[in-house]
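Structure, as structure tokens:
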2 protein chains.
Amino acid sequence: MTKNDSMFRVDRVAAPLRVSVTESIRNAIAIGRFKPGDHLPERELCEMTGVSRTLVREAMRQLESEGLVTVEPHRGPFVTKISRQQAEGIYEVRQELESLACRLFVANASDEQRKTLKAALSSLRAACRKQDPQGRLAAKNHFYDCLVEGANNEALGNCIYMMNSRITLLRATSLKAPGRIKESIKELDILVDALLARDADKAAELARIHIGNAAAAAIPLIEEEAD
Amino acid sequence: MTKNDSMFRVDRVAAPLRVSVTESIRNAIAIGRFKPGDHLPERELCEMTGVSRTLVREAMRQLESEGLVTVEPHRGPFVTKISRQQAEGIYEVRQELESLACRLFVANASDEQRKTLKAALSSLRAACRKQDPQGRLAAKNHFYDCLVEGANNEALGNCIYMMNSRITLLRATSLKAPGRIKESIKELDILVDALLARDADKAAELARIHIGNAAAAAIPLIEEEAD
DNA sequence: TACATTCACTCGTAATACAATCTTAGTGCA
DNA sequence: TGCACTAAGATTGTATTACGAGTGAATGTA
């Protein structure tokens, strides 16, 4: 094998099984197969995923630190419930994080990344025309991935990823609230315009507004139980 | 037992062993017992902590999602190395996060929490006069805990916690760089003054400056290996 | 009804086993 | 000597089994 062949090398090993397991459970939560407050007994997860308790438990640890599940000692994992107040907090953080992401995107993104972002927005727009919640979620996540990658800040990406994950736990996110979708896309349209025009201040401000609107749409729909 | 006795109830159960294990390893990293790039074989961790592989592995999953360790398939966990670029990214995020925390503290903190913050700063000042890195770290963390608690935003607290953890991985943080300590405290002094005076804008700006200075002190000291 | 007891179930943790893979020490060859 | 290759040893990845401890629900009793 010549040295140049190394560029064809695939990842040394397929990802460990535990990664797939975690993804699988995470996805089950994201698409609503498990709802906030649901109990997730280990046995059930083992059966669902077909792996041993060992792996299920390791997956739980990860999802726990992502804030998707909450483990109560001797009672097991539950899908995290998000209170209205917590949701407000998350949106507040997202405002800061995403406006920073916009500023950094303007500063750091390559032309390639700009193009990709634009394409991702188109995909998102297309996905939102269909009645496929999972597809929408995927498209939205991909859009954020592009934004974050262009911003070129790993830590920021992590934080945004976490906040987005948690927002997924709300029954009503901006992409689910019916009337909100078209508005949301429109906002992203001008946001991306600002990004591509390299207008960092405007983009950051638009991101703030966008998140603010998303919050205003989603938060009133949160239903809390009396306890 | 009367109903009123319930206020004396301690947490239902002692924290699960795995929590202590995770803390122990996290602490070992924080105080430099394990350094970035170090390999952490499971056996060694088992011996160190005295628990089974099961628990060590669960702890690894958690530390992994906190970004403190990086697991390479079939090679095991390593203490994460932070590049200069990553460090810059983290400080950028901290600027946003902590200035938000200041604004929220002004808006939400109770008088009690204001008092506690002030006390925490005094403790920090005291700790910095001693030659006890672990004590300093603890005092600094406590100060942040107070700030975050007063800000009353869980998600924000999580993010700040994570960013602080990762910063710990740098050999040279603002609290380790010799000349920097006094300045740092001075900055926090006026920052806390602004917080207690309920001047949100000023506090947020001071936080930005403080983190910026910390970054300027720490980042040049990062040594990267050619690879 | 209120309280105590019991019981089945799940979690928390440990220990063991084995396959897959990495590392390293050799081994043989040019 | 230097290099490719092999084999042995160590470590990780995953599954399985086991058992004490805690929880919640059913049961029994006053």
Side-chain angles (χ1 to χ4, degrees), chain A residues 1-3 5-6 9-26 28-29 34 37-65 68-81 225 227, chain B residues 1-6 9-26 28 34 37-65 68-80 227:
Chain A
M1 184 172 79
T2 72
K3 271 187 182 170
D5 279 347
S6 64
R9 276 273 287 280
V10 170
D11 279 343
R12 309 267 282 253
V13 294
L17 190 48
R18 94 178 88 90
V19 174
S20 326
V21 171
T22 309
E23 260 173 32
S24 169
I25 300 176
R26 188 192 291 116
I29 294 175
F34 298 132
D38 278 4
H39 189 193
L40 305 180
E42 290 175 0
R43 247 206 49 225
E44 205 170 302
L45 296 176
C46 289
E47 286 167 9
M48 183 181 96
T49 58
V51 300
S52 69
R53 261 183 87 199
T54 312
L55 286 196
V56 166
R57 287 179 62 83
E58 290 191 26
M60 283 304 116
R61 293 286 93 67
Q62 168 128 16
L63 296 178
E64 187 181 18
S65 27
L68 290 184
V69 310
T70 305
V71 178
E72 295 185 29
H74 285 289
R75 299 192 58 219
F78 295 78
V79 179
T80 303
K81 277 192 213 174
E225 302 145 39
D227 200 32
Chain B
M1 186 173 78
T2 72
K3 271 186 183 172
N4 281 339
D5 280 346
S6 64
R9 275 275 283 282
V10 171
D11 279 343
R12 309 267 281 251
V13 294
L17 190 48
R18 97 179 85 89
V19 174
S20 326
V21 171
T22 308
E23 258 172 35
S24 168
I25 300 176
R26 187 192 291 117
F34 298 132
D38 278 4
H39 189 194
L40 306 180
E42 289 175 0
R43 245 206 47 212
E44 205 171 302
L45 297 177
C46 289
E47 285 167 10
M48 184 181 94
T49 58
V51 301
S52 69
R53 263 182 85 201
T54 313
L55 286 197
V56 166
R57 289 179 62 83
E58 290 190 28
M60 284 304 117
R61 294 285 94 67
Q62 167 126 16
L63 296 179
E64 187 181 17
S65 30
L68 290 184
V69 309
T70 306
V71 178
E72 295 185 29
H74 286 289
R75 300 193 57 222
F78 294 78
V79 179
T80 302
D227 200 32

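Letters go in sequence order (proteins before strands), and every chain restarts at 1.
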Residue pair G50(A)/H39(B) against DNA chain D: nearer the 5' end by closest nucleotide is H39(B)
In whole angstroms, the gap separating P of dT23(D) from CZ of F78(A) amounts to 12 Å
Residues S52(B) and C46(B): closest non-hydrogen pair is C-SG, 3.9 Å
Please determine if a side-chain N or O atom of R57(A) lies less than 4.0 Å away from the OP1 or OP2 oxygen of dG12(C).
yes
note: M60(B), atom CE; dT14(D), atom P; distance rounded to Å ~ 16 Å
In whole angstroms, the gap separating P of dG12(C) from CZ of R43(A) amounts to 16 Å
Here the distance between atom P of dA15(D) and atom CD of E47(A), to the nearest Å, is 14 Å
Rounded to whole Å, CD of E44(B) lies from P of dT11(D) at a distance of 10 Å
Side-chain contact check for R53(B): nearest option of dT16(D), dG12(C), dA17(C) is dA17(C)
Shortest non-hydrogen pair, V56(B) vs V51(B), comes out as CG2-CG2, 3.9 Å
Any side-chain N or O of R18(A) below 4.0 angstrom from OP1/OP2 of dG13(D)?
yes
L17(A) CG to dT21(C) C1', in whole Å, measures 16 Å
E58(B) CD to dT14(D) P, in whole Å, measures 14 Å
Nearest heavy-atom contact between P77(A) and H39(A) is O-CD2, 3.2 Å
Ranking dC11(C), dC22(C), dT16(D) by distance to the side chain of T54(A), first place goes to dT16(D)
To the nearest 0.5 Å, atom NZ of K81(A) lies from atom CG of D38(A) at 9.5 Å
Within the pair R75(B) and dT23(C), is there a side-chain N or O less than 4.0 Å away from OP1 or OP2? yes
To the nearest angstrom, the NE2-C1' distance between H74(A) and dC19(D) comes to 13 Å
When rounded to the nearest 0.5 Å, the distance separating CD of E42(B) from CZ of R57(B) is 4.5 Å
